[in-house]
Novice: 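Sharing a structure here in structure tokens format.
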Amino acid sequence: MISWFRRRGPSSNESQVVLRESTVPTTRVDFAELASDTSDFLGQSAYLQLAVFQQYSAISRDSGRLLTTELIAGPAGLALRKHHELVGEIRRRGEDPQLLMAPYVPAIDRLLGIARGDSINEGLLGLYITQGFLDDFFRGLAARLPADLAPRMERVLGADNGSSVVVGILRDAIIEDPRRAHRLALSGRRLVGDIMLVCHAALRLEPVGTDTTDRAPGNTPERVEPVFTELIGRHTQRMDALGLTA
């Protein structure tokens with residue numbers, strides 16, 4: 001089994017959402033040859049957190065409800081903190097955060113635009129799913145970073161992202177109107193494919209049908225399927241926390 005996510009004891013920094021245990025039989029995959037380099041990793045993950053913060057802020061403005069605005073401020077602040085920590089790592093390496101983040105702006109903005117949906121609740125669900133999935137993904141990739149950087153990145157990306165707040169808001173919305181559950185579940189299912197496109201873009205994978213003459217051994221999309229199986233399993237757990245079908 002792929003041990004992307006290390007076993008840890010309870011931490012005050014971890015989300016309060018309790019996920020059911022699941023075991024997904026997989027095959028061990030070495031990502032050292034497939035993951036992007038350190039600069040690409042930092043640029044993409046740093047912009048993701050900034051974009052999540054901006055999306056939470058936009059939802060807060062649009063909600064028109066003081067209580068919702070106050071609650072959303074928590075997850076928004078946690079995303080901004082992660083962004084600042086990632087930017088700090090970029091600067092410690094003597095690189096320009098703006099230059100490293102810029103190539104990833106279009107794809108991430110497009111993804112979060114899709115995640116926004118047609119309502120406040122759909123927008124919150126989209127952020128809950130997107131940030132959870134991609135935090136898991138980049139946290140897994142962090143294991144192949146230089147030894148002095150990997151533990152810090154795993155800590156940053158594994159820190160609480162405020163998901164328990166979002167779960168509480170969405171659960172209350174579903175209790176208020178149970179008909180919302182079907183629409184939210186459908187919205188969540190549609191989003192997963194777009195999230196996986198962003199994940200694939202972060203790996204050195206040749207698209208199907210390309211010339212394989214110079215391809216590194218095993219450097220194919222099929223090689224990473226076990227990891228996506230695990231990530232989808234964790235996505236299912238997040239949907240379970242809402243009482244929704246993945």
Side-chain angles (χ1 to χ4, degrees), residues 5 14-24 48-49 51-79 82 108-139 157-199 225 227-246:
F5 310 102
E14 293 183 343
S15 169
Q16 298 301 308
V17 178
V18 178
L19 301 180
R20 68 177 178 177
E21 288 294 323
S22 81
T23 55
V24 182
L48 170 66
Q49 300 301 331
V52 166
F53 164 74
Q54 293 171 331
Q55 187 87 304
Y56 271 126
S57 299
I59 291 174
S60 176
R61 289 192 301 270
D62 293 346
S63 71
R65 299 178 60 183
L66 184 59
L67 177 59
T68 301
T69 298
E70 181 181 2
L71 291 173
I72 292 175
L78 292 171
K82 289 187 179 186
I108 291 175
D109 281 358
R110 174 187 174 277
L111 173 61
L112 291 182
I114 294 170
R116 180 65 189 269
D118 297 323
S119 69
I120 298 297
N121 290 325
E122 284 185 27
L124 288 175
L125 176 70
L127 279 176
Y128 170 67
I129 292 173
T130 302
Q131 188 180 25
F133 201 109
L134 292 179
D135 274 359
D136 282 350
F137 175 74
F138 283 109
R139 186 180 172 194
L157 295 172
D160 181 17
N161 61 16
S163 61
S164 59
V165 171
V166 178
V167 168
I169 294 172
L170 292 176
R171 279 176 172 169
D172 288 346
I174 292 169
I175 291 171
E176 181 182 308
D177 184 357
R179 292 173 298 179
R180 289 175 171 143
H182 174 72
R183 183 174 180 86
L184 290 173
L186 183 61
S187 177
R189 286 195 291 271
R190 287 173 174 168
L191 185 56
V192 172
D194 291 288
I195 295 172
M196 290 178 67
L197 288 176
V198 171
C199 293
E225 283 182 3
V227 164
F228 285 113
T229 298
E230 183 174 347
L231 291 170
I232 289 171
R234 292 178 68 83
H235 162 72
T236 299
Q237 293 175 339
R238 279 186 285 272
M239 295 294 278
D240 283 349
L242 294 169
L244 300 178
T245 304

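These values consider heavy atoms only, across backbone and side chains, with no hydrogens, waters or symmetry-generated copies. Everything numeric in this text was worked out from a predicted model, so none of it was measured. Just so you know, residue 1 is the first one in the sequence shown, and it goes up from there.
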Novice: Look at the side chain of Lys82 and the backbone N and O of Ala159, then say whether any donor-acceptor pair between them is shorter than 3.5 Å.
Specialist: yes
Novice: Return the set of residues passing side chain to side chain contact (heavy atoms under 4.5 Å, CB included) with Ile174 (not counting sequence neighbours), or none when no residue passes.
Specialist: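 Testing Ile174 for side chain to side chain contact (heavy atoms under 4.5 Å, CB included), a comparison that skips the adjacent residues, returns Ala181, Leu184, Leu244.
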Novice: Report the residues that fulfil salt bridge (charged side-chain N to carboxylate O under 4.0 Å, His left out) with Glu70, sequence neighbours left out, ordered by chain and then residue number.
Specialist: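 Testing Glu70 for salt bridge (charged side-chain N to carboxylate O under 4.0 Å, His left out), a comparison that skips the adjacent residues, returns none.
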Novice: Taking side-chain hydrogen bond (donor to acceptor under 3.5 Å, both in side chains) as the test, write out the residues that go with Gln55, two or more places apart.
Specialist: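 So Gln55 forms no side-chain hydrogen bond (donor to acceptor under 3.5 Å, both in side chains) with any residue.
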Novice: So which heavy atom on Phe228 is nearest to which on Cys199, and how close?
Specialist: CE2-CB, 3.4 Å
Novice: My understanding is that only residues two or more places apart in sequence, or in another chain, count here; which of them pass side-chain hydrogen bond (donor to acceptor under 3.5 Å, both in side chains) with Arg116?
Specialist: Asp62
Novice: Could I get the full list of side chain to side chain contact (heavy atoms under 4.5 Å, CB included) partners for Leu78, not counting sequence neighbours?
Specialist: Arg81, Asp160
Novice: Hey, are the side chains of Tyr128 and Asn161 touching, using non-hydrogen atoms and a 4.5 Å cut-off?
Specialist: no
Novice: Would you say Phe138 and Leu48 make side-chain contact, with heavy atoms under 4.5 Å?
Specialist: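 Of all side-chain heavy-atom pairs linking Leu48 with Phe138, at least one is under 4.5 Å.
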Novice: Which atoms form the tightest heavy-atom contact between Pro75 and Gly162, and what is the distance?
Specialist: CG-O, 3.5 Å
Novice: Would the distance check show the side chain of Arg171 and the main-chain N or O of Gly243 forming a donor-acceptor pair, the cut-off being under 3.5 Å?
Specialist: no
Novice: Is the shortest side-chain heavy-atom distance between Leu231 and Met196 below 4.5 Å?
Specialist: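 The answer is no; the side chains never approach within 4.5 Å.
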Novice: If the condition is side-chain hydrogen bond (donor to acceptor under 3.5 Å, both in side chains), which residues does Arg179 pass it with, not counting sequence neighbours?
Specialist: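 Expected list: Asp177.
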Novice: Taking side chain to side chain contact (heavy atoms under 4.5 Å, CB included) as the test, write out the residues that go with Ile114, two or more places apart.
Specialist: Arg110, Leu191, Asp194
Novice: Indicate the atoms forming the closest heavy-atom contact of Leu170 with Leu242, along with that distance.
Specialist: CB-CD2, 3.7 Å
Novice: Using only atom types and a distance under 3.5 Å, with no angle test, would you say the side chain of Tyr56 pairs donor to acceptor with the backbone of Leu127?
Specialist: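 Not a single qualifying donor-acceptor pair exists.
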Novice: How far apart are the closest heavy atoms of Leu112 and Ala51, and which atoms are they?
Specialist: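 For Leu112 and Ala51, the tightest heavy-atom pair comes out as CD1-CB, 3.4 Å.
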Novice: Side-chain contact test, heavy atoms from C-beta onward, threshold under 4.5 Å: evaluate it for Ile129 versus His235 and give yes or no.
Specialist: yes
Novice: For the residue pair Gly188 and Leu125, what are the closest heavy atoms and their distance?
Specialist: N-CD2, 4.0 Å
Novice: Any idea which heavy atoms bring Ala185 and Thr245 closest together, and the distance?
Specialist: CB-O, 3.7 Å
Novice: Among residues at least two apart in sequence or on other chains, which ones pass side-chain hydrogen bond (donor to acceptor under 3.5 Å, both in side chains) with Arg183?
Specialist: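 Here the qualifying residues are Asp118, Glu122.
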Novice: Ala79: what forms a side chain to side chain contact (heavy atoms under 4.5 Å, CB included) with it, not counting sequence neighbours?
Specialist: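 Checked Ala79 against side chain to side chain contact (heavy atoms under 4.5 Å, CB included); matches are Gln49, Val52, Phe53, Gln131.
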Novice: When rounded to the nearest 0.5 angstrom, what is the spacing between CZ in Arg238 and CG in Asp240?
Specialist: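 Those atoms lie 11.0 Å apart.
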Novice: Please tell me if the side chains of Ile72 and Leu124 come closer than 4.5 Å, counting only heavy atoms from C-beta onward.
Specialist: yes
Novice: Measure from the side-chain N and O atoms of Arg234 to the backbone N and O of Asp136, and report whether any donor-acceptor pair falls under 3.5 Å.
Specialist: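 No; judged by distance alone, with no hydrogens or angles, the pair does not exist.
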